[in-house]
> 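Here it is, the structure, as structure tokens.
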Amino acid sequence: MATNTLVCSICDLRHITSSSKHWCPECEEALCSDCIEHHSLSRATRSHKTIPISQYQSLPTFVTDIQQFCIYHNEKYQQYCMKHESPICYKCIKEHGKCSEVIPLEDVISEVKSSELFRDLEQRLKDGLGNIKRIQKDREDNFKTFQTQKKKITNEIDYIRMQIIQYLDKLKKIS
């Protein structure tokens with residue numbers, strides 16, 4: 001995750017202050033309007049999908065904190081070790097040479113949204129959200145019921161209090 005998403009990363013390297021308008025998740029860089037054009041035309045980066053910087057800033061931190069580069073070699077993750085269930089870079093392949101199945105990371109990612117586990121997770125989240133909404137409505141209804149009961153009990157107490165005062169006043173007059 002970039003430390004400053006308000007300033008264009010490329011312009012910043014050139015010691016120019018330019019506000020960013022776009023974010024490239026693959027490069028993990030903020031880009032201004034001028035640099036986004038070069039980014040989309042360059043052979044190395046033309047296939048990158050950029051998003052508006054406002055959309056990137058609205059993402060939860062657990063999404064923006066996902067590491068795209070190997071912490072040991074500072075290379076982009078491009079493979080996935082099924083045995084260790086972890087992404088690896090090309091330099092890590094040597095260490096995973098005896099692992100039975102190393103596949104391109106793209107193959108793992110492409111099937112995520114269509115997998116049964118993803119659909120199950122999505123359904124569980126929908127069910128959980130429905131339960132939360134139902135619980136919230138129940139709590140609001142309970143609160144309204146308590147307010148109504150409180151008002152009713154307060155009125156009863158006031159009425160009984162008034163009757164007691166009248167009775168005591170009546171006793172006082174008699175004596």
Side-chain angles (χ1 to χ4, degrees), residues 1-140:
M1 182 179 157
T3 54
N4 187 1
T5 58
L6 300 176
V7 177
C8 174
S9 303
I10 296 171
C11 289
D12 191 39
L13 290 171
R14 295 172 28 214
H15 305 291
I16 301 171
T17 303
S18 183
S19 63
S20 61
K21 304 285 185 218
H22 307 276
W23 177 260
C24 178
E26 292 190 53
C27 297
E28 294 186 336
E29 289 186 324
L31 303 165
C32 66
S33 298
D34 292 334
C35 292
I36 189 74
E37 183 179 355
H38 295 290
H39 190 79
S40 65
L41 296 174
S42 174
R43 181 179 298 201
T45 57
R46 73 173 67 143
S47 65
H48 293 185
K49 305 281 189 262
T50 59
I51 59 173
I53 199 74
S54 58
Q55 186 179 351
Y56 172 74
Q57 290 171 331
S58 68
L59 292 171
T61 55
F62 74 88
V63 174
T64 58
D65 288 346
I66 294 173
Q67 294 295 317
Q68 304 250 347
F69 292 87
C70 176
I71 58 174
Y72 304 110
H73 306 110
N74 200 28
E75 295 287 331
K76 190 165 178 67
Y77 289 128
Q78 294 183 339
Q79 300 288 315
Y80 187 81
C81 177
M82 298 294 278
K83 179 180 178 184
H84 295 103
E85 296 181 343
S86 65
I88 56 176
C89 71
Y90 277 116
K91 291 182 180 177
C92 290
I93 289 177
K94 293 176 188 173
E95 299 161 21
H96 293 265
K98 293 181 182 177
C99 295
S100 60
E101 201 171 348
V102 174
I103 60 173
L105 186 59
E106 195 174 282
D107 292 352
V108 176
I109 294 170
S110 66
E111 295 177 13
V112 167
K113 285 191 175 182
S114 63
S115 74
E116 189 60 39
L117 288 173
F118 181 79
R119 284 191 289 254
D120 183 49
L121 177 62
E122 192 174 37
Q123 186 59 46
R124 286 180 186 210
L125 288 172
K126 285 179 185 176
D127 293 345
L129 182 60
N131 288 338
I132 289 170
K133 287 181 179 180
R134 183 181 47 78
I135 290 168
Q136 185 178 14
K137 185 181 180 320
D138 287 347
R139 295 302 171 256
E140 288 170 0

> Filter on salt bridge (Lys or Arg N to Asp or Glu O under 4.0 Å), then keep only pairs touching residues 40-50, sequence neighbours left out; what's left?
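Qualifying pairs: none.
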> Mind checking what makes side chain to side chain contact (heavy atoms under 4.5 Å, CB included) contact with H38, not counting sequence neighbours?
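H38: no side chain to side chain contact (heavy atoms under 4.5 Å, CB included) contacts found.
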> Identify the heavy atoms of C8 and C32 that sit nearest to each other, and give their distance.
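In terms of heavy atoms, the two residues are closest at SG-N, 3.3 Å.
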> Does CD in E26 sit with more than 12 non-hydrogen atoms of other residues, nucleotides or ligands closer than 6.0 Å?
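Above 12, so yes.
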> Among all residues two or more places apart in sequence or in another chain, which pass the side chain to side chain contact (heavy atoms under 4.5 Å, CB included) test with I36?
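Partners of I36 under the side chain to side chain contact (heavy atoms under 4.5 Å, CB included) test: H22, L31, T50.
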> I need the full list of salt bridge (Lys or Arg N to Asp or Glu O under 4.0 Å) pairs touching residues 120-136, with sequence neighbours left out, sorted by first then second residue.
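Sorted pair list: D120-R124, R134-D138.
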> What are the two closest non-hydrogen atoms of V7 and A30, and how far apart are they?
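Of all heavy-atom pairs spanning V7 and A30, the closest is O-CB, 3.6 Å.
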> So which heavy atom on Y90 is nearest to which on Q79, and how close?
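So the minimum-distance heavy-atom pair works out to OH-NE2, 3.5 Å.
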> Strictly by salt bridge (Lys or Arg N to Asp or Glu O under 4.0 Å), give each pair with a member in residues 11-22 just once, sequence neighbours left out.
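Residue pairs with at least one partner in residues 11-22: there are none.
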> Check the pair E95, Y72 against side chain to side chain contact (heavy atoms under 4.5 Å, CB included), reporting the backbone distance first and the verdict last.
CA-CA 12 Å; E95 299 161 21; Y72 304 110; 5.6 Å; no
> Please determine whether a side-chain nitrogen of the Lys or Arg among K137 and E140 lies less than 4.0 Å from a carboxylate oxygen of the Asp or Glu.
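Salt bridge: no.
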> Treating S42 as the side-chain partner and H39 as the backbone partner, does any N or O pair qualify as donor plus acceptor under 3.5 Å?
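Here the side-chain-to-backbone pair does not exist.
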> Locate the shortest heavy-atom distance separating H96 from V102; write the atom from each residue and the value.
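That would be O-CG2, 4.1 Å.
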> Restricting to non-hydrogen atoms, name the atom on L105 and the atom on Y77 that form the minimum distance, rounded to 0.1 Å.
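In terms of heavy atoms, the two residues are closest at CD2-O, 3.7 Å.
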> Closest heavy-atom contact between A44 and H48?
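Taking every non-hydrogen atom into account, O-NE2, 3.7 Å.
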> Could you give all pairs that pass the salt bridge (Lys or Arg N to Asp or Glu O under 4.0 Å) test and reach residues 69-87, with sequence neighbours left out?
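Non-adjacent pairs meeting salt bridge (Lys or Arg N to Asp or Glu O under 4.0 Å): E75-K91.
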